[in-house]
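Shown next, in structure tokens, is the structure this report addresses.
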Amino acid sequence: MIAAPELPSEFHYPQDTDTRFSSDTDFSEAPDVSINPTKGKGGKKGKKAAGEKGKGGKGVGGAGRMNGHYQENGMENLMLFEVVKMGKSAMQSVVDDWIEAYKNDRDMALLDLINFFIQCSGCKGVVSGEMFRNMQNSEIIRRMTEEFDEDSGDYPLTMAGPLWKKFKGSFCEFIAVLVRQCQYSIIYDEYLMDTVISLLTGLSDSQVRAFRHTSTLAAMKLMTALVNVALNLSINMDNTQRQYETERNKMVAKRANDRLELLLQKRKELQENQDEIENMMNAIFKGVFVHRYRDAIAEIRAITIEEIGMWMKLYSDAFLNDSYLKYVGWTMHDKQGEVRLKCLTALQGLYYNRELNTRLELFTSRFKDRIVSMTLDKEYDVAVQAIKLLTLVLHSTDEVLSPEDCESVYHLVYSAHRPVAIAAGEFLFKKLFSTREPEEEGAPKRRGRQSPNANLIKTTVFFFLESELHEHAAYLVDSLWESGADLLKDWECMTSLLLDDPVPGEEALTDRQETALIEIMLCTVRQAAECHPPVGRGTGKRVMTAKEKKTQLDDRTRMTELFAVALPPLLAKYSIDSEKVTNLLQLPQFFDLDIYTTGRLEKHLEALLRQIREIVEKHTDTEVLEACSKTYHALSNEEFTIFNRVDIARSQLLDEMVDKFNTLLEDFLQEGEEPDDDDAYQVMSTLKRITAFHNAHDLSQWDLFSSNFKLLNTGIENGDMPEQIVVHALQCTHYVVLWYLAKVSEGSHRKEDMVSLRKQMRMFCLMCQRYLTNVNTTVKEQAFTILCDVLLVFSHQMVSGGREQLEPLVYSPDDSLQTELLSFILHHVFIDQDDDNGSTDGQQDDEAAKIEALHKRRNLLAAYCKLIIYNVVEMNTGADIFKQYMRYYNDYGDIIKETMSKTRQIDKIQCAKTLILSLQQLFHEMLSELGTGFDRSSSAFCGIKELARRFSLTFGLDQVKTRDAIAMLHKDGIEFAFKEPSPQGEGNPPLHLAFLDILSEFSSKLMRQDKRTVHMYLERFMTFQMALQRDDCWLPLISYRNSLQAGGDDDTMSVVSGYSSRGSSVRSKKTKAVTPTATIAAAKRRLPEAEESSSSSTDMSWQHQSMQTPVMMPSPHLTSTMMRGPGDMRGGEAKRGRDDSYMAVYALPSDSQQQPHPHTLPQTPQLHQTPIDYNTQVTWMLAQRQQEEVRQQQERTMNYAKLRTNLQQAIRRGTGLMEEDEEPIVEDVMMSSEGRMEDLNEGMDFDTMDIDLPPSKNRRERSELKPDYFDPGSIMDESVLGVSMF
């Protein structure tokens, strides 16, 4: 209860309270804070009893206050909540003002504090003075719950905005300052704290989330403040005890007895205060924490764990024991990452203090495995903190973590998530590199191979090799960079380990270790020069600080000075080893080339150029040659003075290679002689070197196009050209064309150059097209890739950006080339893994070879898809790609999906036509394979239907954006379904009718008004007998029509469509919520009105075509007889509405329309009746169902013969059709009671009906604590209607 006069005598702290959210039966009893027994709550000497509250002050609600508000001169001051919310006043002064008010009138001040907590929860209610005096605690909370107006789901602790973000801090600060200012007297008056704790305990047990969240936060912060008070009391007690012992140990003559008495009295008071504080803490812990640490809301659980961590850290003597640690250990298994994160941060604060390690031994042994497993947590933030916690555990003792535990953290240095990798790198560095060899004082500093870092660098190499992730050295370096940058930047030691001989007794590095060390050294150089993480770990470029920029410049200068001297001998030593040389040759890309001049290192530059030349002459590996080419490109920078030296060396090398190639080519192509393998190898190796250099350097001055074209032409004519020669000749020619284009684009655009380039480009494209039919798979793949690149470069895109002068160079592929490109994709990409014999060199069983082959095929498909995206080839060619989406989803699903997305951005309608075309192609293929009598439950048909469903999902949820595209898709699909008549003659379904079942997957993407239009377009292709057919072969039509009616305004639908909808009623109930419309009159509108609204609701081009349905001849007598049996006058209005709809769609001939039957004429006044309210509609439906159940069998028996006769006569009289056909199934044509209910429900538009529900109290709270509490579908349940609906 709150502030009751009898509070001290009957108030007790809850010990074993329970809530409806959780129980505490599975845990041991919560421990007491104090070791001493808890004292009684009797009144203390000199303190005012609770029964005297308000004595000497103003009564509740007295002058100056009204409902907790200050009153001054008739003006209302701000309440405590408003002051704290604004945060403009210093919290110290706010609390001091409240304390002053409490001293004057503690009832009114306490009422302010109670309303403060209520309002901080977002409750609009106010606790009045009357409620404060006369109501129990639970009654007040219940009253506030009833007045909790939840207009939105937010309350102060969850609201957005800068004001509310600061509010939580101000709220917590207020509680802390309040306890701190009251710690010497007020909190011991057995009134303030008793009332506040009782209030917060009751609120924390509320079902309202806002109350529970706010009060739990307040209680936990109150507990933390009390822990600080208890800690201060403990310190004062220790000091008093020490002073007492000192005074007592003095000689009797010097001992001051009065001082001893004062110290004893002071110690007694401190002990009493300590006992009271411990009682308060026990009350909060057992009344709030024990239940809320497993609350249904993650934020509340996180608050409790965060605060208990503070208690154990602040007051370890009382709280740091297994009785409290177990709560943190248990909560580490929480399902929410936020809570697990709080557990780890709480433990980090404990493990950081090494003095507390001995108290954590039992906890560590019990929960160590859980902490280790959390390093692999799905939440990256949790994994990072788990690794950091293990690093702190490692600091405390090395014996706790086993080698297996450490290895589970080691491999995380290769994680793609950089914070996880950095944390794991710190753990690895502490574990493996924290022990260094001590250096003797006064001894000269050892450098190079003898430095202390030598063994640590070797350890890094050993770890890298043992991890068996040799391609991830950059990740390892990046992980260790923040913790071990000084070690990783000791390049002098690294080069010494590679170049110097080992000292006696030292084991030399193996070849594999040297390769790993060179790779690590390259990664460290790149990291120091670029100052950003490797690919796959970067989160975007960030602006470097001035300190980081200075460090970068210093590192580049130091590495250049070192490697400019060391690189030539390293290349000379490892010149034969391709892998080592490739890595070493990348080092000059990160040099500061000015150092060569300013440091007088020109002779080392000459040595480097000589070594590169020798390497080019020795090697034919593509990677080595490309590394040499890039090195020349990096050194050939015109901004530096070394450019002339490098350019001369490069030109001499290229001159020699081109001259050698021309000479070898003449001998190789000489007529009458058969070239041997040695000649072919010489041509291939020289061409390979030229191609590698042509990638980065302009070799236009050497006219390589004519020689390469002659070589390729000879290969086409003879057909025996070696594979590698053709591949590199195609690549070299490609570079020639691209460099020519770059020259023309940047130059003066001379006409001669444009004509020459256009001629070369077209000749080259024709040559590549001819090589697409080569017998060698590698050659065909190279020709296809290059051809796609050339077509993309020379497409209409090249004139964009103000380059209209390049218009003559635009080249569009003709139909034959497009066909060949598509055929290549279908035969070389969409194949089974085992069929790709040519790409895997007979190693299909080798997993690595299969992955490489798949990667190659993905590149081929991506190259072709770019042609579709950039409109180089027709978009409809993508149909052959899109139809493979499901079959090859695992291999190419991402590429195909991205292509669909890009094409939709370019042209939504054309993309939709392409999608439906792909489905039509698959349907044709299925027919050719299974025949016309296929089973619609076959895997082939179901696969096409599933593909259509996937296509439908790609259109998203915005129906307005995709409206035209979806409508066009349905138009093409309907035309395709009725395009081919049945080969079995009239009366049988069209050949492609089953395609409508596939098309129905897109019906949900149609807007309501478009469904009406599409349905009318569908009926243009239908005959009357089609609408009456009920055989299984006609089910696709029935299903499709039903999908067009679902969720739409079916005022233009025929009665027969209403009947046929029964066949799929089960599916309709599952896929859409049945919702009532505001009126029944919507089902009675005539066709002209419907056509007008539908034509005005959409702007599709095909919609404006003639929408007149085929002339069908139902008799008015048939309609009247079918809809109105003898004596059946109930519900006639609704039935007549259906008659109108039926006659409106299936119109009579002109002569029949002149003499309509009176029963079918709609009465105009009935079309504009006042809308019937919702309850009347429901009552009417229920009455109709009960009546129909009684009459159903009787009606069918009486009308069967009559309906059959009238139906046959009407159809024969009107059209002459169906004379020899099977008789219609009258049972399907008749409307049963169930059919009426369903058709009426479909006519009632639930989606647009406005239903005003009464405001639901605590609706959000129920949704938080129970499965679901507000389902729009529940508006039709028994609790709303009072009767059973079905």
Side-chain angles (χ1 to χ4, degrees), residues 152-153 869 875 878 882-883 885-886 889 893-919 944-974 996-1015 1017 1039-1050 1064 1067-1077 1093-1094 1096-1100 1102-1103 1241-1242 1244-1251 1263 1268 1270-1275:
S152 66
I869 292 173
M875 190 180 293
F882 297 160
K883 70 182 182 182
Y885 182 62
M886 288 295 296
Y889 181 80
D894 55 337
I895 299 176
I896 299 176
K897 186 175 181 180
E898 183 66 17
T899 304
M900 285 190 288
S901 175
K902 293 295 185 183
T903 53
R904 185 174 293 115
Q905 295 175 15
I906 297 171
D907 191 338
K908 293 183 178 65
I909 294 180
Q910 188 61 34
C911 177
K913 295 171 75 70
T914 305
L915 291 178
I916 201 67
L917 177 61
S918 65
L919 295 173
I944 302 175
K945 193 173 175 65
E946 175 63 17
L947 179 61
R949 188 185 71 83
R950 294 289 188 95
F951 285 169
S952 175
L953 294 176
T954 62
F955 282 94
L957 300 176
D958 193 340
Q959 292 181 324
V960 176
K961 289 183 178 180
T962 60
R963 181 181 184 183
D964 294 347
I966 292 293
M968 184 61 66
L969 185 146
H970 280 273
K971 174 180 178 294
D972 289 356
I974 292 172
L996 292 178
D997 201 6
I998 299 171
L999 191 61
S1000 63
E1001 295 293 339
F1002 297 93
S1003 297
S1004 62
K1005 298 299 180 182
L1006 282 168
M1007 300 183 70
R1008 181 180 304 136
Q1009 54 268 41
D1010 294 344
K1011 286 186 177 181
R1012 294 198 302 267
T1013 307
V1014 171
H1015 186 275
Y1017 189 75
S1039 174
Y1040 181 56
R1041 298 183 71 194
N1042 185 70
S1043 68
L1044 294 178
Q1045 296 174 9
D1049 229 346
D1050 301 332
S1064 57
R1067 178 181 177 185
S1068 299
K1069 291 177 182 178
K1070 293 181 179 179
T1071 56
K1072 68 182 184 70
V1074 181
T1075 50
T1077 188
S1093 64
S1094 64
S1096 63
S1097 63
T1098 178
D1099 54 358
M1100 297 176 293
W1102 58 276
Q1103 170 191 331
N1241 287 339
E1242 290 177 357
M1244 298 170 67
D1245 183 9
F1246 274 178
D1247 294 335
T1248 60
M1249 182 175 181
D1250 294 328
I1251 302 174
S1263 68
D1268 186 20
F1270 182 68
D1271 183 0
S1274 65
I1275 61 175

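Predicted, not measured: the structure shown is a model, and the values here were computed from it.
- Ion pair D964/K908 not flagged as a salt bridge, since none of the NZ, NE, NH1 or NH2 atoms sits closer than 4.0 Å to an Asp/Glu carboxylate oxygen.
- The two residues S918 and F951 make their nearest non-hydrogen contact at OG-CE1, 3.4 Å.
- Y1040 and H1015 share no donor-acceptor pair across their side chains, judged by distance under 3.5 Å alone.
- Contacts of D894 classified as side chain to side chain contact (heavy atoms under 4.5 Å, CB included), with partners at least two apart in sequence or in another chain: R858.
- Geometrically, R950 engages Y889 in a cation-pi contact defined by less than 6.0 Å to the ring centre and at most 45° from the axis.
- In this structure, the salt bridge (charged side-chain N to carboxylate O under 4.0 Å, His left out) partners of K913, at least two apart in sequence or on a different chain, are D972.
- With values rounded to the nearest 0.5 angstrom, S1000 atom OG is found 12.5 Å from R949 atom CZ.
- Qualifying ring pair (Phe, Tyr, Trp, His ring centres under 6.0 Å) partners for F955, counting only residues two or more places apart in sequence or in other chains: none.
- Side-chain atoms of K1005 come within 3.5 Å of backbone atoms of G956 as a donor-acceptor pair (strictly under, hydrogens ignored).
- With sequence neighbours left out, K902 forms a salt bridge (charged side-chain N to carboxylate O under 4.0 Å, His left out) with E898.
- Closest heavy-atom contact between L1006 and D1010: CD2-CB, 4.0 Å.
- Atom-to-atom distance recorded for T962:OG1 and M1007:CE is 9.0 Å, nearest 0.5 angstrom.
- Considering CD1 of I966 and NZ of K1011, their distance stands at 11.5 Å, rounded to 0.5 Å.
- Remark: T954 engages M900, R904 in a side chain to side chain contact (heavy atoms under 4.5 Å, CB included) (not counting sequence neighbours).
- In this structure, CD on E1001 lies 7.0 Å from OG on S952, to the nearest 0.5 angstrom.
- Between I869 and I906, the closest heavy-atom pair is O-CD1, 2.6 Å.
- Contact annotation: the side chain of L917 never approaches that of L915 to less than 4.5 Å [non-hydrogen atoms, C-beta and beyond].
- In terms of heavy-atom proximity, D997 sits nearest to S1039 at OD1-OG, 3.9 Å.
- Across L919 and I944, no two heavy atoms sit closer than the pair CD2-O, 4.0 Å.
- Not counting sequence neighbours, F882 has no partner by the ring pair (Phe, Tyr, Trp, His ring centres under 6.0 Å) test.
- Residues L999 and I916 meet the side-chain proximity criterion, which asks for heavy atoms closer than 4.5 Å.
- With contacts defined as side-chain heavy-atom distances shorter than 4.5 Å, the pair T903/Q910 does not qualify.
- Expressed to the nearest 0.5 Å, how far CD of Q1045 lies from OG of S1003 amounts to 11.0 Å.
- In this structure, CZ on R1008 lies 13.0 Å from OG1 on T1013, to the nearest 0.5 angstrom.
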message = Evaluate L947 against I998 for side chain to side chain contact (heavy atoms under 4.5 Å, CB included), listing each step before the verdict.
response = CA-CA 9 Å; L947 179 61; I998 299 171; over 6 Å; no

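- G878 and T914 make their closest contact through C-CG2, 3.9 Å (heavy atoms, listed as atom of the first residue, atom of the second, distance).
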